[in-house]
Asks: 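Here it is, the structure in full.
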Number of protein chains: 2
Amino acid sequence: MTQLLDVRKMNILRAIVDDYILTAAPVGSRTLSKRDDIELSPATIRNEMSDLTELGFLEQPHTSAGRVPSEKAYRLYVSNIMDRAQLTEDEAEYIKAHLSQRVSEVGDVIKETARMLSGITKYTSVVQMPHMKNARLKHISLVPVTEGSALAIVVTNSGATNSTLLTVPKGITTAHLEKISSLMNTRLSGYKLVDVQTTLLPLLREEVGEQAESVAEMLEGISNDMTRQNVEVVGAANMLDYPEYSDVAKAKSFLSELEKGEVLKEVLSDDGDVEMTIRIGKENDNPELKDCSVITVSYRVCGEQVGSMGVIGPTRMDYGKVVAVLKFMSENLGKVLSRMLLGDGSDGANNK
Amino acid sequence: MTQLLDVRKMNILRAIVDDYILTAAPVGSRTLSKRDDIELSPATIRNEMSDLTELGFLEQPHTSAGRVPSEKAYRLYVSNIMDRAQLTEDEAEYIKAHLSQRVSEVGDVIKETARMLSGITKYTSVVQMPHMKNARLKHISLVPVTEGSALAIVVTNSGATNSTLLTVPKGITTAHLEKISSLMNTRLSGYKLVDVQTTLLPLLREEVGEQAESVAEMLEGISNDMTRQNVEVVGAANMLDYPEYSDVAKAKSFLSELEKGEVLKEVLSDDGDVEMTIRIGKENDNPELKDCSVITVSYRVCGEQVGSMGVIGPTRMDYGKVVAVLKFMSENLGKVLSRMLLGDGSDGANNK
DNA sequence: GTTAGCACTCAAATGGCGCGAGTGCTAACG
DNA sequence: CGTTAGCACTCGCGCCATTTGAGTGCTAAC
């Protein structure tokens with residue numbers, strides 16, 4: 001493509017998208033000509049719209065209706081046209097306040113984040129719990145609890161802690177446990193959790209003599225537990241406010257799909273190191289989302305990418321706003337979590 | 001009330017409720033007379049229906065429509081008329097299989113229970129995580145993890161274990177922690193968790209000298225963590241299948257309310273020792289549920305009532321089926337959890 | 001006490017009608 | 001030559017009158 005569209009076409013297209021995002025109704029030439037930012041007669045606009053339709057940026061539901069932006073138009077809008085909306089002072093303040101007030105549990109912070117995301121955007125929000133795949137092991141201790149169970153306490157280099165209750169073979173003694181944990185420590189310290197599961201575990205399984213099986217099982221239990229991904233979904237009901245879901249059948253299939261949780265894998269799919277991903281309509285792998293757009297952003301704790309979150313809305317979502325909110329939210333969540341996991345010490349992330 | 005209704009009226013009422021539960025459409029005299037179990041002419045039935053209307057068991061949406069059961073009718077139906085449906089072999093089998101296959105985590109078992117409940121009933125299900133309020137403390141240990149944090153490991157008399165990460169004052173040493181935990185053990189062992197929070201904590205706070213504040217904070221952290229109630233909700237989207245929610249606005253307000261979570265408190269409200277509660281329509285405290293019925297049942301682990309679960313559906317829900325499923329599910333969940341918490345030893349509950 | 005018959009009611013479905021928003025084309029204008 | 005006014009044409013949508021049919025209540029006969 002050379003210069004995609006001349007300035008006037010751009011302006012018209014922007015106006016159409018803006019309007020459609022707001023009203024969900026096909027927009028016509030007259031409506032546009034009334035706008036302040038477009039000083040053209042309806043007829044001229046009609047000509048331009050005709051061109052835009054031919055180029056695939058607009059669609060007509062039927063002959064005598066206005067035009068509706070195509071997915072191609074949204075794509076262009078997102079990458080070239082829209083001016084990213086700013087959060088209002090109030091919103092920014094609100095987010096900061098609510099995020100730092102819940103400093104007790106990681107889970108709570110994630111939930112609150114999801115709530116705020118959908119509260120501000122009025123769409124459906126999805127927030128992943130931070131995973132620890134890339135965290136490096138620092139220390140493992142095994143504490144006997146009852147006959148047949150022990151607690152594994154795992155500390156990672158970032159300072160994060162996790163504990164899992166393990167079932168251990170009945171006969172095992174405290175001395176045994178200590179031996180095993182010291183073994184684990186010498187062999188595993190410094191490695192990533194994800195490596196433990198994929199590569200180190202098989203190796204170790206061969207090497208350890210006596211308690212081979214128990215050690216292996218324990219490790220598997222630990223890394224399973226620490227690798228499991230949980231996702232908070234909030235605001236699904238919001239979708240019912242939009243005319244695209246005024247059909248109950250559509251609403252139902254969307255909500256069911258959400259509940260099944262397959263959708264979440266799509267959000268979860270972290271595209272390498274990409275900061276933010278915008279998937280419009282059929283760009284989503286899941287056919288259930290073909291009328292939705294999904295914007296996701298990853299967040300980092302102490303520089304390490306540990307999870308992502310996203311907003312799901314109709315294709316005519318307010319992209320500018322959502323992008324702004326997500327960006328802000330991701331940064332702030334990162335800060336708060338970093339602070340939490342490091343025990344309030346202010347290193348790593350700069351918490352202004 | 002003497003004998004509430006004569007046999008024929010009962011039969012007719014049952015037939016109407018049965019039919020309405022199935023079709024959600026007002027049922028007329030002709031429809032009824034065609035049924036095999038009622039051998040009367042439409043005219044006779046009309047007379048009876050007229051009586052039933054006067055008695056408050058039936059309602060007419062408008063003059064020329066059939067009759068619809070009133071809440072009073074459902075009440076009667078539930079307590080006197082319905083024959084509790086049995087689960088099919090397949091369903092029972094299915095439940096047992098899926099429940100015992102997920103023996104790893106309590107949370108998973110609860111989730112699976114909720115999923116099956118709504119899967120079988122096609123309504124919305126709500127399952128509470130088991131609480132430990134009534135569990136008696138057996139042992140507490142505090143394990144230092146990093147500078148500034150320690151893990152509290154709590155074992156209860158039933159063998160259940162729980163661990164919480166606590167933040168401790170920076171200066172504290174391992175020796176300190178040991179002292180504190182032994183103090184906790186001597187003073188608290190044998191008490192119920194719920195008592196710790198409400199009555200023991202203030203007492204203790206005065207008594208301990210030196211580390212008063214830290215101890216108190218820790219205990220508060222522990223008991224907060226162990227008392228928190230979590231609830232799984234599954235199948236909300238199912239409601240959209242029923243004509244009573246074909247109005248999107250209604251659907252939306254129901255779903256929003258569910259998401260807000262206030263509804264859950266209602267389910268949670270354990271009516272003392274009552275096994276099963278059925279709330280029909282406006283019997284629900286929450287006005288949002290005035291067109292719903294909620295059936296809840298508590299479940300027990302080792303004889304102790306530790307949580308409850310329920311099904312939310314339209315007032316014309318299939319009461320017989322739901323009651324049967326809930327009863328079965330509650331028993332089986334109890335068994336599975338008992339087995340899990342006791343570490344597979346088969347005492348307490350009899351696991352056939 | 002039960003039932004057939006009949007007049008009456010009323011929601012919902014049906015179908016025509018006109019409105020109005022919007023298009024596309026053509027011809028005139030600067 | 002780009003822009004605009006004018007006009008005929010399209011077509012979904014809401015409105016209204018009509019029909020349909022399920023259902024009732026009453027009365028009179030069995």
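Proteins get letters first, then strands, A, B, ... in listed order; numbering begins at 1 in each. These numbers come from the heavy atoms of this one structure, side chains and all, not from hydrogens, waters or symmetry mates. Source: prediction; values computed, not measured.
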Asks: Find the partner of D:dC30: check Watson-Crick (N1-N3 plus N6-O4 or O6-N4) and G-U wobble (N1-O2, O6-N3) distances, both under 3.5 Å, and reply none if neither fits.
Replies: C:dG1

Asks: Rounded to whole Å, please give me the gap between CD in B:Glu39 and P in C:dT2.
Replies: 14 Å

Asks: In whole Å, I'd like the distance from the NZ atom of B:Lys9 to the C1' atom of C:dG1.
Replies: 12 Å

Asks: Whom does C:dC8 pair with, Watson-Crick or G-U wobble, provided both distances fall under 3.5 Å?
Replies: D:dG23

Asks: Under 4.0 Å between a side-chain N or O of B:Arg67 and OP1 or OP2 of D:dT24?
Replies: yes

Asks: OP1 or OP2 of D:dG2 versus the side-chain N and O atoms of A:Thr44: is any pair under 4.0 Å?
Replies: no

Asks: A:Asp37: which residues meet the side chain to side chain donor-acceptor pair (under 3.5 Å) condition with it, sequence neighbours left out?
Replies: A:Arg35

Asks: Nearest whole angstrom, please: distance from the P of D:dG25 to the CD of B:Glu54.
Replies: 10 Å

Asks: Which one, C:dT23, D:dT4, C:dC10, comes nearest to the side chain of A:Ser29?
Replies: C:dT23

Asks: Could you state the CG-C1' distance from A:Asn47 to C:dG22, rounded to the nearest angstrom?
Replies: 14 Å

Asks: About how many Å separate OG1 of B:Thr44 and CD of B:Glu39, when rounded to the nearest 0.5 Å?
Replies: 12.0 Å

Asks: Measure NE2/A:His62 against P/C:dG20 and give the value in whole Å, please.
Replies: 16 Å

Asks: Expressed as a whole number of angstroms, how long is the span from B:Arg8:CZ to C:dT3:C1'?
Replies: 12 Å

Asks: For the side chain of B:Gln60, starting at C-beta, report the closest nucleotide among C:dA4, C:dC10, D:dT24.
Replies: D:dT24

Asks: Starting the side chain at C-beta, find the nucleotide from C:dC6, D:dT3, C:dT3 nearest to B:Arg46.
Replies: C:dC6

Asks: Take atom CG of A:Leu32 and atom C1' of C:dT23, then tell me their distance rounded to the nearest Å.
Replies: 14 Å

Asks: Does the pair A:Glu48/A:Arg8 count as a salt bridge with the N-to-O cut at 4.0 Å?
Replies: yes

Asks: Thinking salt bridges, do A:Glu283 and A:Arg75 make one under a 4.0 Å N-O criterion?
Replies: yes

Asks: The side chain of B:Ala43 is closest to which nucleotide in this list: C:dT3, D:dC11, D:dG25?
Replies: C:dT3

Asks: Could you pick out which residue, B:Pro42 or A:Ala65, lies toward the 5' side of DNA chain C when each is mapped onto its nearest nucleotide?
Replies: B:Pro42

Asks: Measure the spacing between CG of B:Leu52 and CG of B:Asn47 and express it to the nearest 0.5 Å.
Replies: 11.0 Å

Asks: Send over the distance from B:Met49 CE to D:dG23 C1', rounded to a whole Å.
Replies: 8 Å

Asks: Side chain of B:Ser64: nearest nucleotide among D:dA22, D:dC11, C:dT3?
Replies: D:dA22

